[in-house]
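Working notes for the structure below.
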Amino acid sequence: MTHPLLRSLSSALPPLLLLLAPATFAQDAGTPAVAAAPDKTQKLLEQIDERSRTFGDYRAVVQAEVKRASGKSRRQLQLYRRDTENKLVLLITAPKTEAGKGYLNAEENLWFYDATIGRWERRTAREAVGGTDGRPDDFDQTHWAKNFNATAAGQEKLGAVQTELIDLRAKDGAQVAYTQVKLWVDAKNGNVLKQQDFSENGKLLRTVLSPKWKKVHSPSKKGDFYYAEQTVIYDELEKENSTRFTVSQIDLRPLQPSVFTKGWLEARSR
Amino acid sequence: MWIRILMIAARNLGQRPGRTLLLGAVVAVVTAVLALLIGLAAGARSTVLTSRMALSSGHLNVVGFFKPTAGQISAIITDYQQVLEVVRKLPGLDHVVARGGGYVTVVSETRSEKKDLVGINLADEPLLAKTLRISSGELAALQSPGNLLLFEAQAEKLKVKVGDRVTLSSTTFRGSYNAVDVRVGAIAKDMGLEGNVTTFVDESTWRRLYLLNSRTTTLLQIYLQDPDRAPEAHAQLRAALEQAGHRLLPHEPAMAYWMKFDPLTQQDWTGQKLDLSTWMDEEGVLAWVFKGMNVLSGLLVTFLVLLISLGVSNTMWIAIQARTREIGALRALGMGRGSVMWMVLFEGLLLGLAGTLTGALLGWGIGTAINQAQIPLPIGAQLVLMSDHLQFQLHPLGVLGSAVLITGVLGFMSLFPALSAARLQPALAIAHT
């Protein structure tokens, strides 16, 4: 079953994890308190997006703990991003059976490299990455403001944390996996603590909890870059399925341009 | 004269009842085996084709592939009525069925399974209604929105029964996720591989899941009055659709439409293209299974026929050796070479005819008994044969053909000893010790 503490966040009950550990959320004294007026809500989305961008390169190690009805398994991935060019590489490094497989998202095409047969395949952005509950978008910079219209839905306490609740509806023609989304944004600092993704007809499909946020100074951005150090994604249809992602070893130094090529990904498995 | 020769040949066979019965029994067994093998292959092919035609393929199929961008592909025909107009003018057309398709996760309270989803309008599906064997619930449930048909193995895996609710989840053709709740309206008996991977839902629920309007479908299954005309009709329809301005994918024989997603995703074109295939193309891997089955049974039967032919021929040689003096006497009494040859040949033919007719009756009887016994098949065989029990299709002509073939071969093999007997010199033959 899912983690009882984190699971409780997705229910109407007081979220224990947040109640007990509000200090774990990154504080940003520079970010003003969130206002709920319609125009300001859209502004807030822009702020959230801006916080998720490095305006340069980004490298991290992602540990994934996958829970299924059949049992638990672990994955390790190397994440590479070049936010200015909307490029992303996800290289699976563990377990051994999966190592070398990877994804390349470049020029609005998602490619999957299967190292076991040495073949590239085009995939859709809805692909579940390496058998986890995460999609490529979950590892990338966010584009909430570009793709969604926001409506303030009031304030809600998530444990001890006061949050702004925002309803999002996809804009016409937006290429998004979930056309209806709810965000619980920390009113103090703009961290997205909880996200619920709904189907086109309003059925809850996923709950994403991100209780731990961190910030890193980005020289290319000349400001701070924010990332969720720990994220748990719950599948709300297949209730036994969930994945906990832990991000570490953040490195914002420039990457070689060759990293975002098929050749580089192929070379990792040789 | 012929009757007299025939009677002599029959009497010769009767003089050695042990040998005749043994050889006749061997011939009968081989004939029965041949008839059963032919019946098994025909039965399997017929079951598979009937099931396939009902579940997943028409005699001709028109599938739409739509690519909004080079990297995305959906199996849909936009404005399918325009395509339908062309199809309806096809000579020899019996009827057309429009079906929606997709790949869904079926989620029950305790389990989930990934399946091909087919959206149907039950009123347009007489063949499907005739082919499905409902074990629980009512097929008519699919006439109402929000009802799903599962096969027994699927229901068992999902741990659901008729009346239970499940959720269908999929990505829409726009790329976003959607889910609908449906009720298990009917459970059908398993039908092999197709039945294992396919589920059916009413058309309106399919549209609700994929957010599609009534002008869109996935597949047009076209049924012809004469299925054997499929290749000819395929060429005619291609020409007609091209003339009507539709873009078509090149014909790829022996490639089912679901096998085309990956290669087409790699291609750079965008927009709508139609793919035309025949039921033979859609047979795909199964065509190879049947070819393999035919080759194996052909080899087995050839070996057996060769074996009994050599046996009969050898027995004839021995008989002629033993009856050399008798043949010499017949020749001395005025029997011509031709009559001697026919006498020996008739022996072989009579033996063959009696054996093969007995074998044909034996094969027919065994096949009919097995059909009536409804002997269950193991899962592996069910997946290929699309049936949960062993089924022989015994056509009288097929069984009779087996008998004629083996009799003919035995006659041919008797020809050599017969010619040898005809060449015997009467004086030398009488002096033979």
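Just so it is clear: chains get the letters A, B, ... in the order the sequence lines come, proteins before strands, and each one is counted from 1. Everything quoted here is computed from the prediction, not taken from an experiment.
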Segment of A:A177 engaging chain B (4.5 angstrom heavy-atom cut-off):
both

With a 6.0 Å cut-off (strictly less than), is the heavy-atom count around NZ of B:K273, excluding the residue itself, greater than 12?
yes

CD (A:E156) with more than 12 external heavy atoms under 6.0 Å
yes

Part of A:R68 lying under 4.5 Å from any heavy atom of chain B
neither

Is it the case that atom CD in B:E242 sees more than 12 heavy atoms from other parts of the structure closer than 6.0 Å?
yes

Taking a cut-off of under 4.5 angstrom between non-hydrogen atoms, the residues of residues 113-121 of chain A near chain B are A:R119, A:W120, A:E121

Could you pull out the closest heavy-atom pair between B:A179 and A:S199, with the gap in Å?
N-CB, 3.5 Å

Contacts of residues 104-112 of chain B with chain A (heavy atom under 4.5 Å)
B:T105, B:V107, B:T110, B:S112

To the nearest 0.5 Å, what is the distance between CZ on A:R122 and CZ on B:F261?
15.5 Å

Could I get the full list of side-chain hydrogen bond (donor to acceptor under 3.5 Å, both in side chains) partners for B:T265, not counting sequence neighbours?
none

A:N109, A:N201, A:T179, A:D197: which one forms the most heavy-atom pairs within less than 4.5 Å of chain B?
A:N201

State whether the number of non-hydrogen atoms from other residues, nucleotides or ligands found under 6.0 Å of A:R126 atom CZ is greater than 12.
yes

Largest heavy-atom contact set with chain B, pairs under 4.5 Å, which of A:L110, A:T124, A:V176:
A:V176

Engaged part of A:L237 at the chain B interface, taking heavy atoms whose separation is under 4.5 Å:
both

Applying a criterion of heavy atom separation less than 4.5 Å, what residues of residues 165-176 of chain B form contacts with chain A?
B:T167, B:S169, B:T171, B:T172, B:R174, B:G175, B:S176

Exceeds 12 heavy-atom contacts within 6.0 angstrom, atom CD of A:E46:
yes

Quick one: do A:E200 and B:Y210 satisfy side chain to side chain contact (heavy atoms under 4.5 Å, CB included)? Show the steps, please.
CA-CA 9 Å; A:E200 293 263 8; B:Y210 289 103; over 6 Å; no

Has A:K262 got more than 12 heavy atoms of other residues, nucleotides or ligands less than 6.0 Å from its NZ?
yes

Should the heavy atoms of other residues, nucleotides or ligands under 6.0 Å from NZ of A:K171 be counted, would the total exceed 12?
yes

The single option from B:D181, B:N178, B:V180 that satisfies side chain to side chain contact (heavy atoms under 4.5 Å, CB included) with A:K203 is B:D181

Neighbour count above 12 (heavy atom, 6.0 Å) for B:R247 CZ
yes

